[in-house]
Protein chains: 2
Amino acid sequence: MTTIYDIARRAGVSATTVSKVLNGYPDVSQKTREKVQRITRELGYQPNAAARGLVTRRSMSIGVFFQDDARMGFRHPFLHDIVASFQDVVGESGYDLLFFSRTTPPNAPQGFEARARHRGVDGLFLLGIPRTSPGLPSLVRSRIPVVSVDLDLFGPRASWLSSDNIGGAKLAVMHLAAMGHTKIGFVGDRYGTKPGQDRALGYHMALQELGLAFRSEWVAEGDFMEESGEEAMHRILEAREWPTAVFFASDMMAIGAMKALRERGLEPGRDISLVGFDDVAIARLVTPALTTIRQNTRAMGEEAARELLDLMQNPNRPPRVITIPVELVSRDSVARIGG
Amino acid sequence: MTTIYDIARRAGVSATTVSKVLNGYPDVSQKTREKVQRITRELGYQPNAAARGLVTRRSMSIGVFFQDDARMGFRHPFLHDIVASFQDVVGESGYDLLFFSRTTPPNAPQGFEARARHRGVDGLFLLGIPRTSPGLPSLVRSRIPVVSVDLDLFGPRASWLSSDNIGGAKLAVMHLAAMGHTKIGFVGDRYGTKPGQDRALGYHMALQELGLAFRSEWVAEGDFMEESGEEAMHRILEAREWPTAVFFASDMMAIGAMKALRERGLEPGRDISLVGFDDVAIARLVTPALTTIRQNTRAMGEEAARELLDLMQNPNRPPRVITIPVELVSRDSVARIGG
DNA sequence: CCTCGAATCGAAAGCGTTTTCGTCAGTGGA
DNA sequence: TCCACTGACGAAAACGCTTTCGATTCGAGG
């Protein structure tokens with residue numbers, strides 16, 4: 001490995017001067033600057049990030065805790081899209097992403113904070129982390145800048161971000177109402193995630209605003225995945241009177257529900273209308289193509305990145321909670337009924 | 001931040017001794033060992049990875065170059081699954097994953113090798129990287145241990161791994177033949193990826209072994225994505241005589257082809273049989289459920305991880321090329337015909 | 001000719017570890 | 001009593017870089 005000393009020797013200057021050239025300090029003459037740059041290039045020199053990090057106390061890397069257990073299922077690609085656009089933004093500022101492994105050796109540091117400190121990451125990005133994770137309280141109390149998605153974090157340097165879940169849920173219900181539906185069911189989330197709660201809240205608010213009846217037989221809970229949507233639909237169909245439409249807190253549950261309907265000889269999108277949430281890639285490929293609330297994953301990743309960069313740069317900037325707008329994507333799974 | 005000197009002072013020993021305790025050296029008495037360990041715990045000490053990396057010349061991190069351009073489309077989750085199981089294995093050995101950003105600031109190091117050196121990663125994992133990437137030749141010539149998937153790499157410390165694409169393609173064709181098909185088309189890959197080439201090869205070999213006719217009107221090319229499958233199918237349907245079955249180099253192209261068939265009033269899986277490749281999550285959800293060749297993503301990730309760990313540990317171990325078995329998943333998109 | 005400021009450079013300390021090698025006390029054997 | 005050896009520990013160098021601050025030179029202004 002070539003070091004700045006190698007360059008210094010070849011250029012007939014001190015290592016200090018080389019370092020100054022490499023870091024754009026002004027107190028270097030044009031001539032030596034160019035000479036050092038030339039030699040740097042010739043030698044294919046790469047600065048050693050560890051050495052630099054040791055003295056600057058910055059690693060130019062952002063730690064990512066990404067949990068995509070089975071439970072997440074098809075949210076999988078959803079979170080990956082967010083990370084991708086997040087990375088595109090922070091990459092432009094020179095950051096790479098350090099993904100912490102879920103598995104660790106027995107003696108290794110444990111917990112968000114300890115692992116972040118160990119690696120010396122400059123900031124943290126959290127996705128798919130359950131609200132009940134044990135390491136969370138101590139993390140948010142620390143001075144490490146952190147941004148999370150779909151996880152409500154409260155600490156001096158912890159911002160969080162999610163889609164407008166309440167607004168999205170209202171949008172879904174409003175759309176159904178506009179299509180003539182008055183009996184509208186809901187399949188929510190059994191784990192008490194923040195988005196799940198908000199979507200349930202939006203559902204209730206919309207019903208209230210519209211003056212529509214709330215019937216507990218028409219609501220059920222799942223885990224965001226296909227099978228649970230199927231079960232939930234079956235449960236709702238046990239009610240004496242059926243809803244004419246059901247809003248699901250995730251696309252995959254809506255898709256599972258389609259299967260349940262067909263098993264009962266019902267045609268999804270005609271006999272019972274369905275609206276999902278997320279707009280996963282398959283939503284437009286299933287039959288009938290699923291009407292859903294699209295989350296803007298690109299905007300989420302980019303906003304999260306900008307927020308974290310800002311948090312890292314200004315030690316005293318207070319954290320924020322960021323909401324990303326959603327939009328209704330109308331396809332074939334909602335029938336117009338009545339008048 | 002607490003350092004080993006803080007611990008040393010509190011324990012009344014030298015930093016050397018603390019370091020020895022932390023690294024399990026034998027020449028420390030039981031008494032001082034326990035004392036140091038206790039204080040380490042009390043102070044919530046975390047070793048500084050940069051400082052340690054500086055002297056040990058190891059970072060305990062593995063660099064990942066992951067390219068998932070639009071072209072990859074639905075292979076997306078496929079590659080992510082591989083990374084996930086890869087990470088689970090290397091995580092147990094204490095490694096975290098450093099994902100290099102696609103975007104970089106203008107003055108930053110460029111190319112696989114330079115960026116790997118800069119970060120001091122202990123090894124490299126490559127996914128979704130095109131064979132024509134400019135940095136590849138210099139990378140494989142370097143002494144950096146690297147493992148890639150679906151990319152044929154040749155260098156002193158470069159192993160690569162892929163599914164048994166040839167065998168899988170043969171499997172698909174054999175299955176069709178067993179179901180009575182003799183007129184079998186193929187939709188391959190236009191970009192000359194290694195897997196695409198191998199699947200084409202397997203297709204040809206199987207035809208030959210079975211003594212079936214090869215008709216160039218029955219083969220077309222796409223880019224692994226849905227739309228291209230649709231177009232390819234249309235092109236094949238322009239032949240005067242139609243094949244009774246088509247084998248696609250990816251599930252998504254097969255799914256696109258379903259749309260093409262329906263546009264012509266044909267029923268996929270009955271009028272024309274389809275076999276895909278990959279077994280992406282949607283394959284079982286489309287109608288008709290897609291018969292396909294399943295790639296074992298878990299095995300791919302785990303094998304890749306073991307190979308890389310081994311390569312990193314033994315500087316003189318020659319590289320390998322690893323093939324992961326595939327399996328046929330028979331669903332509803334292949335009709336039995338003839339006798 | 002003297003002084004002063006600007007421009008340019010380098011010495012040295014420091015970042016937090018690991019690791020080599022030496023020191024020293026104690027122990028057992030001759 | 002002496003010697004060799006073992007066990008326990010620490011001094012110091014090294015890893016590759018950044019940054020402060022002082023030194024030196026040079027030209028301009030007085």
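Throughout, a chain's letter reflects where its sequence line sits, starting with A, and its residues are numbered from 1.
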So which nucleotide from C:dG10, C:dT18, D:dG16 ends up closest to the side chain of A:V13?
-> C:dG10

Does B:Y25 put a side-chain nitrogen or oxygen below 4.0 Å from OP1 or OP2 of C:dT17?
-> no

Has A:R52 got a side-chain N or O lying under 4.0 Å from the OP1 or OP2 atom of C:dC15?
-> no

Anything under 30° is parallel, anything over 60° is perpendicular, the rest tilted; go ahead and classify A:F86 against A:F125.
-> parallel

Can you find a donor-acceptor pair, distance only, under 3.5 Å between B:T32 side chain and D:dA8 base?
-> no

For side chain to side chain contact (heavy atoms under 4.5 Å, CB included), just list the numbers for A:V13 and A:V18, CA-CA rounded to whole Å, side-chain angles, deciding distance to a tenth of an Å, and then say yes or no.
-> CA-CA 7 Å; A:V13 297; A:V18 175; 3.9 Å; yes

Which residue lies more 5' along DNA chain D, comparing B:S14 with A:N48 via nearest heavy atoms | B:S14

With sugar-phosphate meaning primed atoms plus P, OP1 and OP2, does B:Q46 contact a base, only sugar-phosphate, or nothing at under 4.0 Å between heavy atoms?
-> sugar-phosphate

Reckon A:P47 touches a base, only the sugar-phosphate, or nothing at all at heavy-atom distances under 4.0 Å?
-> sugar-phosphate

Counting only side-chain N and O atoms of A:R57, is one of them less than 4.0 Å from OP1 or OP2 of C:dG16?
-> yes

Protein-nucleotide distance (B:R58, atom CZ; D:dC15, atom P), rounded to Å = 18 Å

Reckon B:T17 has a side-chain N or O less than 4.0 Å from the OP1 or OP2 of D:dC9?
-> no

Separation of atom OH in B:Y45 from atom P in C:dG16, rounded to whole Å | 10 Å

Closest to the 5' end of DNA chain D, once B:A51 and B:P26 are matched to their nearest nucleotides, is B:P26

Under 4.0 Å between a side-chain N/O of A:Y5 and OP1 or OP2 of D:dG16, yes or no?
-> no

May I ask you to verify if any side-chain N or O of B:S19 is less than 4.0 angstrom from the OP1 or OP2 atom of C:dT18?
-> yes

N or O in side chain of A:N23 less than 4.0 angstrom from D:dT18 OP1/OP2 = yes

Between the base of D:dC9 and the side chain of B:D27, is there any donor-acceptor pair under 3.5 Å?
-> yes

Would you tell me if any nitrogen or oxygen in the side chain of A:S29 comes within less than 4.0 Å of OP1 or OP2 on C:dC9?
-> yes

B:V55 side-chain proximity, nearest of D:dC9, D:dC15, C:dC15 = D:dC15

Strictly by modelled atom types, are A:T32 and A:S29 linked by a side-chain donor-acceptor pair under 3.5 Å?
-> yes

Please work out if B:T16 contacts a base, only the sugar-phosphate, or nothing of the nucleic acid, heavy-atom cut-off 4.0 Å.
-> base

Given B:I324, which of B:R298, B:E302, B:E303, B:Q295 fulfils the side-chain contact (heavy atoms from CB on, under 4.5 Å) condition?
-> B:E303

Going by the angle between their ring planes, with limits at 30° and 60°, are A:F99 and B:F99 parallel, tilted or perpendicular?
-> tilted

